[in-house]
Amino acid sequence: MPSSVNTFPIKISTNTLAKLTKLNITNIWDLALHLPLRYEDETHITPIADAQNGVPVQIEATVIHQQIQFRPRKQLVVQVQDVSGHVLYLRFLHFYPNQQKQLAEGNVIRALGEIRHGFFGDEMVHPKIRTDIDKGLAESLTPVYPTVNGLNQPALRRLIQAALKHLPADDTLPAELLQQLQLPPLLESLIFLHSPPPEYTARDLHEGTLPAWQRLKFDELLAQQLSMRLARQQRLNGHAKALTGNGHISEHLLANLSFTLTEAQQRALAEITDDLAQTHPMHRLLQGDVGSGKTIVCALAAAIAIEAGFQVAVMAPTEILAEQHYLKFTQWFSPLGIQIARLSGSMRKKARDEARKELADGTAQLAIGTHALFQDDVTFHNLGLIIVDEQHRFGVAQRLALKNKGEDVHQLMMSATPIPRTLAMSFFADLDVSVIDELPPGRTPVITRLVNTARRHEVEKLVKHTCAQGRQVYWVCPLIEESEVLQLQTAVDTVAELQTALPELNIGLIHGRLKPAEKAAVMTAFVEGSIQVLVATTVIEVGVDVPNASLMVIEHAERMGLAQLHQLRGRVGRGAAASRCVLLFSEPLSDVAKARLKVIYENTDGFEIARQDLNIRGPGEFLGARQSGVPMLRFANLEEDLPILEKARDLAPVLISQQPEVVNKHLQRWLSQRSAYLGV
């Protein structure tokens with residue numbers, strides 16, 4: 001985000017430089033953009049009688065009593081009284097001898113902190129103490145910065161103030177544009193946020209609506225929009241082989257299907273077909289809710305590429321999903337004479353070597369696998385299209401490694417985690433997006449129920465009833481073995497408990513540590529119906545399609561993300577029978593867990609769930625490994641700052657076409673080494 005300046009124009013010790021590096025501060029712009037985490041108000045004194053609970057205040061009082069208590073733990077408790085005669089307790093759970101001297105009886109001190117009701121009366125826990133009250137009150141709010149051990153707040157404040165004096169006065173955006181946008185200059189905004197004028201309160205600054213905050217948010221989002229549009233422009237200027245098929249595979253594949261494509265599938269396929277026919281690389285995201293039929297659309301895209309004489313690689317994040325794709329694609333393509341190679345990390349060397357040979361000499365036109373597909377020892381004869389399933393599970397570098405196996409390869413990505421509009425406008429602005437917004441006929445709605453784990457026996461009765469009707473059940477657990485930290489119910493224990501409670505049922509177990517052959521055997525038994533209840537970890541989150549399964553039970557649902565819960569729920573409701581999803585939860589529930597369970601209980605629309613998930617969790621879950629190791633937006637909030645994002649989106653193409661020098665200057669200052677963070 002900052003510029004490419006690599007040295008500080010101010011004197012900084014080697015020890016302090018090391019501390020700054022831990023904060024990802026490597027140049028003067030990093031220092032200037034290291035904004036306060038919060039502000040402390042030391043500008044006035046609040047009488048103890050007027051202080052509100054839960055609101056940070058500064059009081060001035062005399063120490064009237066001090067003692068060390070040893071129950072329930074060793075702590076320092078100090079009783080103070082202000083001029084009005086009201087008393088307050090100061091409690092320190094960790095303290096040093098010098099603090100005892102500082103808070104000796106008779107001393108007049110200032111304490112800054114939140115007042116709350118304690119056992120003996122109102123108290124402050126670990127307040128900030130000042131004894132130099134003769135210096136008077138602060139003239140403005142005191143900034144408090146994120147820091148590391150060994151770098152205290154006064155030292156950090158001095159460094160930042162020195163950095164501000166050395167920043168260039170020239171702005172990245174022209175004055176007339178700033179006037180049009182009603183935004184202040186960048187340097188003025190930074191000075192304001194680091195040294196707010198006395199008339200502004202901590203609440204004013206925290207809300208992020210002041211012009212100074214708006215300027216930083218706009219600059220960040222504009223840099224992102226510019227980088228995305230330039231990346232897209234570069235792709236459109238690239239060269240790729242046009243993949244136009246003759247229909248001899250795709251038409252046969254369509255004719256052999258037992259169902260008809262929905263209008264949404266046909267529309268998405270037409271968009272992909274048009275992209276493949278272009279002479280620049282396709283970079284398209286195919287998104288649709290769970291069970292909307294994305295896989296067959298991708299298979300038809302693969303058929304077109306194979307008809308054109310090119311190889312296709314399909315990459316999935318897990319071996320179970322890769323195996324499911326392999327079985328499905330084999331069912332569709334083998335009758336048409338298409339050779340398919342499968343590659344995964346756990347394959348035996350002989351099978352792996354055979355698959356590599358088939359891909360290298362072109363015998364196999366279609367490759368299906370996991371991360372093993374982009375390893376150095378894998379080469380393709382003529383790769384023309386890559387298809388990445390659950391694209392948010394892979395990083396930019398991983399997708400690029402597979403893409404680089406061919407020359408100017410077309411890229412199609414799938415996601416069953418719908419992307420909210422604001423996220424699509426920002427982090428995915430370099431993609432073309434096709435949406436399958438229609439479920440195939442015959443899909444039954446899934447009824448969702450929230451059940452306290454104390455009523456587990458009732459759920460076991462429901463499992464028994466479901467299996468008695470000839471249906472099957474998933475029972476999902478987050479862990480394989482006991483964790484002392486999380487204390488969650490484990491898959492292994494669940495199998496034992498269910499076998500005791502339901503001895504008449506055949507119960508299977510699948511998890512990520514099983515060997516591929518063992519996983520395949522368990523899944524085959526479940527698909528064929530010999531296993532009635534499949535206890536699993538979240539390895540079955542995507543790709544598993546068993547129409548006869550009509551009940552999904554999820555242990556500790558309160559600990560899972562919304563996207564994961566929605567994916568798991570989508571494993572049922574694939575047949576004609578009414579389906580249920582039971583979310584088992586344990587109390588007490590955190591506010592975030594309550595919010596998640598409320599959303600998943602009230603909504604079945606993946607796009608609405610995704611929108612609310614963005615509000616609860618932020619963009620990380622949707623981006624996944626896309627920006628692995630790099631922070632999300634530092635200043636802007638995609639939901640709250642949609643108007644700013646829209647302004648940045650509208651301005652970006654205008655600047656690129658009319659003022660390229662402004663674009664270069666703005667990106668140079670804001671991108672630096674963090675280009676991946678902004679999506680380039």
Side-chain angles (χ1 to χ4, degrees), residues 235 238-241 243 281-283 295 298-299 301-303 305-306 308-330 333-334 337-414 512-520 523 539 542-543 624-629 676:
R235 174 172 61 84
H239 298 283
K241 296 285 173 51
L243 307 185
M282 174 175 71
H283 197 211
T295 306
C298 288
I306 294 169
F310 290 85
Q311 291 174 301
V312 178
V314 180
M315 183 167 68
T318 67
E319 290 203 3
I320 283 186
L321 182 52
E323 178 69 18
Q324 291 285 315
H325 280 321
Y326 177 72
L327 294 173
K328 185 67 73 175
F329 276 70
T330 299
F333 282 101
S334 289
I338 304 300
Q339 181 74 22
I340 304 175
R342 183 169 64 91
L343 266 178
S344 65
S346 62
M347 289 175 63
R348 294 183 180 274
K349 185 177 183 304
K350 183 177 180 181
R352 179 182 172 85
D353 289 346
E354 180 61 28
R356 285 174 50 228
K357 179 179 178 299
E358 291 174 350
L359 293 174
D361 64 20
T363 304
Q365 300 110 309
L366 181 59
I368 296 176
T370 57
H371 301 70
L373 286 173
F374 60 76
Q375 301 307 310
D376 291 341
D377 62 352
V378 178
T379 58
F380 287 82
H381 178 69
N382 191 17
L383 184 62
L385 170 66
I386 66 168
I387 298 172
V388 182
D389 196 5
E390 291 301 304
Q391 57 83 30
H392 61 284
R393 303 281 192 94
F394 296 96
V396 173
Q398 292 175 320
R399 295 202 302 267
L400 188 61
L402 180 57
K403 188 172 183 290
N404 288 341
K405 294 292 182 181
E407 185 177 346
D408 299 319
V409 174
H410 295 273
Q411 187 173 182
L412 176 61
M413 290 164 283
M414 281 194 284
R513 296 183 188 176
L514 290 178
K515 293 178 181 178
E518 294 173 320
K519 290 179 190 173
M523 283 308 304
V539 294
V542 291
R626 176 184 167 91
Q627 319 294 342
S628 180

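Side chains are part of it too, since the values below use all heavy atoms of this structure and drop only hydrogens, waters and symmetry mates.
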Between CD1 of Ile368 and CD1 of Ile340, what distance do you get to the nearest 0.5 Å?
-> 5.0 Å
For Phe333 against Ala299, the heavy-atom pair lying closest together = CZ-O, 3.3 Å
CA sep, side-chain torsions, deciding dist, call: His283, Met413, side-chain contact (heavy atoms from CB on, under 4.5 Å) = CA-CA 8 Å; His283 197 211; Met413 290 164 283; 3.6 Å; yes
Taking all non-hydrogen atoms of both residues, which atom of Ala367 and which atom of Phe380 are closest, and how far apart?
-> CB-CE2, 3.8 Å
So do the side chains of Met523 and Gln324 get within less than 4.5 Å of each other, counting heavy atoms only?
-> yes
Nearest-0.5 Å distance, CD1 of residue Ile306 to CD1 of residue Ile338 | 5.0 Å
Closest approach of Thr370 to Ser344 (non-hydrogen atoms, all atoms of both residues) = OG1-CA, 3.6 Å
Determine, for Lys357 against Asp353, whether the closest basic-nitrogen to carboxylate-oxygen distance falls under 4.0 angstrom.
-> no
Say you draw a straight line from CD of Gln311 to OG1 of Thr363; how long is it, rounded to the nearest 0.5 Å?
-> 9.0 Å
Between Arg235 and Met282, the two heavy atoms sitting closest are NH1-C, 4.1 Å
Compare all side-chain heavy atoms of Gln365 with those of Val312 and state whether any distance is below 4.5 angstrom.
-> no
Under the side-chain contact (heavy atoms from CB on, under 4.5 Å) rule, what do His410 and Ile386 come out as? Steps first, then yes or no, please.
-> CA-CA 6 Å; His410 295 273; Ile386 66 168; over 6 Å; no
Step by step, would you call Leu385 with Phe310 a side-chain contact (heavy atoms from CB on, under 4.5 Å)?
-> CA-CA 8 Å; Leu385 170 66; Phe310 290 85; over 6 Å; no
Using a 4.5 Å cut-off on heavy atoms from C-beta on, say whether the side chain of Val409 contacts that of Pro281.
-> no
Measure the spacing between CZ of Arg342 and CD of Glu358 and express it to the nearest 0.5 Å.
-> 12.0 Å
Quick one: does Leu366's side chain get under 4.5 Å of Gln339's, heavy atoms only?
-> no
Check: Val388 and Leu412 side chains under 4.5 Å, non-hydrogen atoms = no
Hey, what do you get for CG (Leu343) to NE2 (His371), rounding to the nearest 0.5 Å?
-> 13.5 Å
So, are Lys241 and Glu407 salt-bridged, with charged N and O less than 4.0 Å apart?
-> no
Between Arg356 and Val378 the two heavy atoms that sit nearest each other are CG-CG2, 4.3 Å
What is the distance from atom CG of Asp389 to atom CE of Met414, rounded to the nearest 0.5 Å?
-> 3.5 Å
Any side-chain heavy atom of Arg352 within less than 4.5 Å of one from Asp377?
-> yes
His325 and Phe329 aromatic ring geometry - parallel, tilted or perpendicular at 30°/60° bounds = perpendicular
Can you check side-chain hydrogen bond (donor to acceptor under 3.5 Å, both in side chains) on His381 and Asp361, steps first, answer last?
-> CA-CA 6 Å; His381 178 69; Asp361 64 20; over 6 Å; no
At their closest point, which heavy atom of Gln375 faces which heavy atom of Lys405, and how far apart are they?
-> O-NZ, 2.5 Å
